[in-house]
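Remarks on the structure that follows.
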Amino acid sequence: MGVLDKFEKGVERVVSSAFAKAFRSEVKPVELASALRREVDDRAAVVGRDRTVVPNEFTIELSPSDNNQVQTWGAETLADELAANVTEHATSQRYAFVGPVTVAFVENETLETGRYLVRSATVRGAVAPATSVAASARHPLIDIDGQRYLLTGPVTVIGRGSEADIIVDDPGISRRHLEIRVMADGVVATDLGSTNGTFVEGHQVPAATLVDGNTITIGRTRIHFWTGTGEEDG
């Protein structure tokens, strides 16, 4: 199944048939998915050996009628589907992100129904979707319940609250539970005064220097940490 086929299946899972009918003469979600993929391909930049960086923040300008349709139906759900589609495409092409992938919709009164514009930017954040298995001391990789993240910033906060860089839906986790700090001489995990504590390899610790392959447990959630054995990327 192709990436766009998967995207259409995803849309089908979260929208009603009425949504598909509403988009019959207006902008179609699959058209927006294709446009974002083209934007990623067109703006791919080789920044180092085996490392091609692509935009991670996207703004889609829509006509008033198309924007109203998206907002009425649920812009957040469609944006999430589009972001997932971009991430899957980047993974297939071995592109790299430097921050989280986001999609936003804005209204442009000069556009006619069915017309749209895509703007993109490369914006560094604390974490980025891991589009390959590559990890390094500079950009470690963590796996949380099968979701992999590359730590692209010096400090990453994991917790249940919306202010965390990585939000984990686990009632045993505090709003700001754990900080992972990437430094020149190592990576340190620090408990942020959580209610239930932080465990590294089964031992409760206030802070610990992480090594490749460590398992961190917060609440009922396990976090696997890797730095890999390759050279640091650029």
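When reading the values below, keep in mind they use all heavy atoms of this one structure, side chains included, and skip hydrogens, waters and symmetry mates.
- In this structure, Val123 shares a hydrophobic cluster with no other residue, the cluster being traced through Ile, Leu, Val, Met, Phe, Trp and Tyr side chains under 4.5 angstrom apart.
- Under the rule for a side-chain hydrogen bond (donor to acceptor under 3.5 Å, both in side chains), Thr102 has no partner lying at least two apart in sequence or in another chain.
- Pro140 meets the side chain to side chain contact (heavy atoms under 4.5 Å, CB included) test with Leu151, Val182, Val187, Phe225, Thr227; sequence neighbours excluded.
- The salt bridge (charged side-chain N to carboxylate O under 4.0 Å, His left out) search around Arg222 returns none, not counting sequence neighbours.
- Applying the salt bridge (Lys or Arg N to Asp or Glu O under 4.0 Å) definition to pairs two or more places apart or across chains, those involving residues 179-208 are Glu179-Arg181.
- Note on residues 159-168: pairs passing salt bridge (Lys or Arg N to Asp or Glu O under 4.0 Å), not counting sequence neighbours, are Glu163-Arg175.
- By the side chain to side chain contact (heavy atoms under 4.5 Å, CB included) test, Ala84 is found to be paired with no residue, residues two or more places apart in sequence or in another chain being considered.
- Scanning for salt bridge (charged side-chain N to carboxylate O under 4.0 Å, His left out) contacts around Glu61 gives Arg119, with sequence neighbours left out.
- Taking Glu109 as the reference, nothing meets the salt bridge (charged side-chain N to carboxylate O under 4.0 Å, His left out) condition, with sequence neighbours excluded.
- For Ser63, the side chain to side chain contact (heavy atoms under 4.5 Å, CB included) partners are Ser65, Asp66, Leu111, Thr113, not counting sequence neighbours.
- The 12-atom threshold is exceeded at CZ of Arg43, counting heavy atoms of other residues, nucleotides or ligands nearer than 6.0 Å.
- Nearest heavy-atom pair, Pro129 versus Gly99, reported as atom, atom and distance to 0.1 Å: CD-O, 3.6 Å.
- By the side chain to side chain contact (heavy atoms under 4.5 Å, CB included) test, Ala44 is found to be paired with Thr52, Val54, Tyr95, residues two or more places apart in sequence or in another chain being considered.
- Within a 6.0 Å sphere centred on CD of Glu76, heavy atoms belonging to other residues, nucleotides or ligands number 12 at most.
- When the salt bridge (charged side-chain N to carboxylate O under 4.0 Å, His left out) test is applied to Asp143, the partners found at least two apart in sequence or on another chain are Arg148.
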